[in-house]
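Working notes for the structure below.
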Amino acid sequence: MAEKITPKEQNYSQWYVDIVLKAKLADYAPVKGCMVIRPRGFAIWEMMKSALDNMFKETGHQNAYFPLLIPDSFLKKEAEHVKGFSPELAVVTHGGGEKLEEPLAIRPTSETIIWSMYKKWIQSYRDLPLLINQWANIVRWEKRTRLFLRTTEFLWQEGHTAHASEAEAEEETLRMLMVYKKFAEEFMALPVLTGMKSESEKFAGAVQTYTIEAMMQDKRALQTGTSHNLGQNFARAFDVTYQTQDGNLDYVWATSWGVSTRLIGALIMAHSDNRGLVLPPNLAPTEVLIIPIFQNRNKAEVIGYTRRLYEQLRQEFRTEIDDGDQNSPGWKFSEAELRGIPVRIEAGPRELNKNQAVLVRRDTGEKLNVPADELKAKIKELIRDIQNTLFHRALTFRKENTHQASDYSSFKEILESRAGFIECGWCGSPECEAKIKEETKATIRVLPLGRNGGDDKSCIYCGAKAKELAVFAKAY
RNA sequence: CGGGCUGUGGCGCAGUGGUUAGCGCGCUCGGUUCGGGACCGAGAGGCCGGGAGUUCAAAUCUCCCCAGCCCGACCA
């Protein structure tokens with residue numbers, strides 16, 4: 001009724017915006033390009049944050065916090081870095097009513113301020129590795145913004161590590177890439193491709209950027225996380241050297257890696273439907289919602305019954321009960337679906353009499369009658385199954401929409417008629433990559449891990465022997 | 001930065017020169033309801049994005065400005 005969501009078949013962007021606004025995940029802020037993350041959206045972020053934070057700590061990282069304001073000159077110290085970020089900087093020029101001697105940039109990423117500190121903290125190989133993560137907000141003055149996917153200010157996590165060798169840095173870069181992949185697949189139920197970015201797509205200041213790349217329901221690609229091997233670029237820019245075990249002096253090797261509130265956008269676009277949000281149970285702030293169905297004459301008994309279920313279930317699941325009499329059951333069902341709650345329990349006089357409950361799963365809409373004493377076990381099973389189903393549904397979708405192309409005309413034909421991911425050979429030249437982008441809007445999303453060498457393919461554009469196997473797609 | 005669209009109660013909209021600006025949803029109060037977004041009754045809430053102009057008269061016409069969204073180029 002009042003909360004109609006535009007069907008995604010009709011207008012995918014509008015569908016996405018409708019879900020974000022109507023499920024009350026976020027709202028537009030007074031400042032252009034900024035959004036308010038509302039409690040329901042923030043709860044998802046907190047779920048993500050705690051899962052990731054555990055994984056970071058398990059891999060030996062510690063949290064710290066660095067300042068929001070960075071001296072403008074710091075950002076200019078690494079040549080590629082400044083080129084990449086200066087167009088989107090927000091800069092503070094006044095403080096306390098006076099013009100500042102040196103403008104202060106609001107961090108677009110923290111490599112520079114962190115490496116200025118690492119210079120003080122690292123002298124010896126004994127100080128390494130230094131493994132630090134921070135949870136922070138970032139400002140990037142983007143021309144075009146979109147709720148969660150690209151906002152002027154966003155929340156993220158950025159890991160910044162320092163190592164004694166190139167090999168160790170590379171190992172760390174890949175370790176964190178795999179942490180991201182595991183998180184995407186096991187928590188978000190989102191299958192991702194892992195691999196390298198091409199030269200033109202990599203992070204400003206990195207030697208190598210690795211990415212996890214996912215397919216959304218409109219078949220476009222979304223970069224969901226990146227892990228960078230920074231080589232010695234920042235150590236040189238900030239003059240961070242250490243004494244090696246054999247007494248020599250060397251620059252420190254670095255990595256950085258991050259994921260942001262964009263993940264929430266990915267989550268929405270990967271699983272949701274025309275009824276609203278669909279959340280994987282592992283990230284659902286509420287896993288189970290109980291909706292009592294009562295009439296005036298049996299209200300007390302039904303509510304009593306469902307409250308007993310609630311007390312039982314809340315010990316094991318993130319459970320909520322909606323027993324207000326302001327809204328009809330139908331309204332509550334729709335609301336539960338809009339919010340993406342994985343398992344809904346309906347219980348009225350019928351269930352009360354039979355000591356049962358109706359379980360409804362959000363992903364398929366399937367309804368099950370379950371005896372009260374089997375409820376916990378059944379929900380546990382359902383939750384596992386929903387998590388699984390969402391993952392496999394997304395995986396199947398990606399597979400069905402991943403195509404092979406061996407010549408440029410079929411490449412273009414696939415993009416126009418079917419869209420999705422295209423696997424093909426690439427000679428490695430930025431010129432071919434740029435031409436393809438110009439002519440088709442498709443970019444290299446990823447050079448998949450373990451597939452380097454391009455097998456025995458030839459470049460999709462110029463026909464020369466392929467150096468790489470590349471996955472092309474239109475991206476967000 | 002280019003193109004398009006839109007600014008009118010909290011939200012979505014109608015109103016293309018003429019008393020007192022409407023409708024739906026939401027909100028408040030009372031009552032009846034409640035197995036897929038219930039219903040009845042009574043209310044509250046708006047200097048129509050801002051400025052200037054045209055006119056006897058402007059939400060409505062003209063000009064300027066501002067803001068937002070969508071689509072492109074750039075980006076997590």
Side-chain angles (χ1 to χ4, degrees), chain A residues 1-6 11-14 16-18 20-22 24 27-35 83-89 108-109 137-158 180 197 200-204 209 211-214 221-228 256-266 275-276 291-299 302-303 322-338 344-352 357-358 360 365 367 369 437-438 441 443 474-476:
Chain A
M1 280 181 77
E3 300 295 329
K4 264 281 181 281
I5 294 171
T6 306
N11 183 342
Y12 191 83
S13 309
Q14 193 54 49
Y16 173 77
V17 171
D18 282 355
V20 172
L21 297 179
K22 290 179 176 160
K24 298 184 181 165
D27 203 353
Y28 293 107
V31 176
K32 176 179 163 63
C34 293
M35 68 172 177
K83 226 194 292 171
F85 283 105
S86 59
E88 51 192 51
L89 275 190
T109 179
N137 58 338
I138 291 292
V139 168
R140 294 183 187 174
W141 219 264
E142 303 284 358
K143 303 273 188 234
R144 184 147 138 60
T145 56
R146 246 156 139 353
L147 292 166
F148 286 115
L149 297 177
R150 185 173 298 101
T151 45
T152 301
E153 179 186 4
F154 57 94
L155 304 184
W156 80 347
Q157 145 286 309
E158 49 181 328
Y180 287 156
K197 284 292 186 186
S200 71
E201 295 270 336
K202 76 178 196 194
F203 176 74
T209 288
T211 179
I212 55 171
E213 208 75 21
L222 182 72
Q223 177 176 309
T224 37
T226 45
S227 184
H228 315 291
S256 70
W257 27 273
V259 294
S260 71
T261 35
R262 165 178 272 196
L263 292 179
I264 298 174
R275 289 171 174 262
I291 300 176
I293 296 157
F294 51 81
Q295 287 80 43
N296 271 338
R297 60 196 137 80
N298 53 31
K299 182 172 171 181
V302 171
I303 287 185
D322 186 356
D323 59 8
D325 54 9
Q326 301 305 308
N327 298 117
S328 68
W331 192 91
K332 292 175 182 175
F333 297 160
S334 301
E335 188 68 10
E337 282 161 1
L338 180 61
R344 179 171 89 227
I345 298 182
E346 307 174 2
R350 293 206 293 263
E351 286 71 29
L352 171 59
V358 178
V360 188
K367 294 192 178 190
N369 285 299
K437 182 175 180 183
E438 194 185 314
K441 295 196 173 116
T443 51
K474 289 184 187 169
Y476 275 96

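Throughout, a chain's letter reflects where its sequence line sits, starting with A, and its residues are numbered from 1.
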_Once you apply a heavy-atom cut-off of 4.0 Å, does A/V17 come out as touching a base, just sugar-phosphate, or nothing?_
sugar-phosphate

*asked:* How many whole angstroms separate atom CH2 of A/W331 from atom P of B/C39?
replied: 15 Å

*Quick one: is B/A76 close enough that its OP1 or OP2 comes under 4.0 Å of any side-chain N or O from A/T109?*
no

_Output the rounded distance in Å from CG (A/D18) to P (B/C69)._
15 Å

*asked:* I'd like the P distance from B/C56 over to B/C1, given in whole Å.
replied: 41 Å

*Integer-rounded Å distance: B/A38 C1' and A/K332 NZ*: 13 Å

*Using whole Å, report how far CD of A/Q14 lies from P of B/C69.*
12 Å

Polar atom pairs (N or O), protein with nucleotides 31-35 of chain B, under 3.5 Å:
residue, atom, partner, partner atom, Å
B/C34, O2', A/F294, O, 3.1
B/C34, N4, A/N296, OD1, 3.0
B/G35, O6, A/P349, N, 3.2
B/G35, O6, A/R350, N, 2.9
B/G35, O6, A/E351, OE1, 3.1
B/G35, N1, A/E351, OE1, 2.5
B/G35, N1, A/E351, OE2, 3.3
B/G35, N2, A/E351, OE2, 3.4

*Can you tell me how far P in B/G31 sits from the matching atom in B/C70, rounded to whole Å?*
45 Å

*asked:* Whole angstroms only, please: what is the OH-P distance between A/Y28 and B/G7?
replied: 17 Å

*asked:* Distance check, C1' atoms only: B/C13 and B/U19, in whole angstrom units.
replied: 25 Å

_Between B/U55 and B/G46, how far apart are the two C1' atoms, rounded to whole Å?_
25 Å

*Expressed in whole Å, how much space separates the C1' atoms belonging to B/G22 and B/A67?*
26 Å

*Take the protein atom NZ of A/K32 and the nucleotide atom P of B/C66, then report the distance between them rounded to whole Å.*
13 Å

*asked:* Heavy-atom nearest nucleotide on RNA chain B for A/R140 versus A/V360: which residue maps closer to 5'?
replied: A/V360

*In whole Å, what separates the P atom of B/U16 from that of B/U60?*
12 Å

*List RNA chain B stems (3 or more consecutive Watson-Crick/G-U pairs, under 3.5 Å)?*
B:1-7 with B:66-72, B:10-13 with B:22-25, B:27-32 with B:38-43, B:49-53 with B:61-65

Taking only nitrogen or oxygen atoms into account, show me every contact under 3.5 Å that the protein makes with nucleotides 1-5 of chain B, one pair per line with its distance.
none

*asked:* When you measure from the centre of the six-membered ring of A/F154, is the NZ or CZ of A/R262 closer than 6.0 Å and no more than 45° off the axis?
replied: no

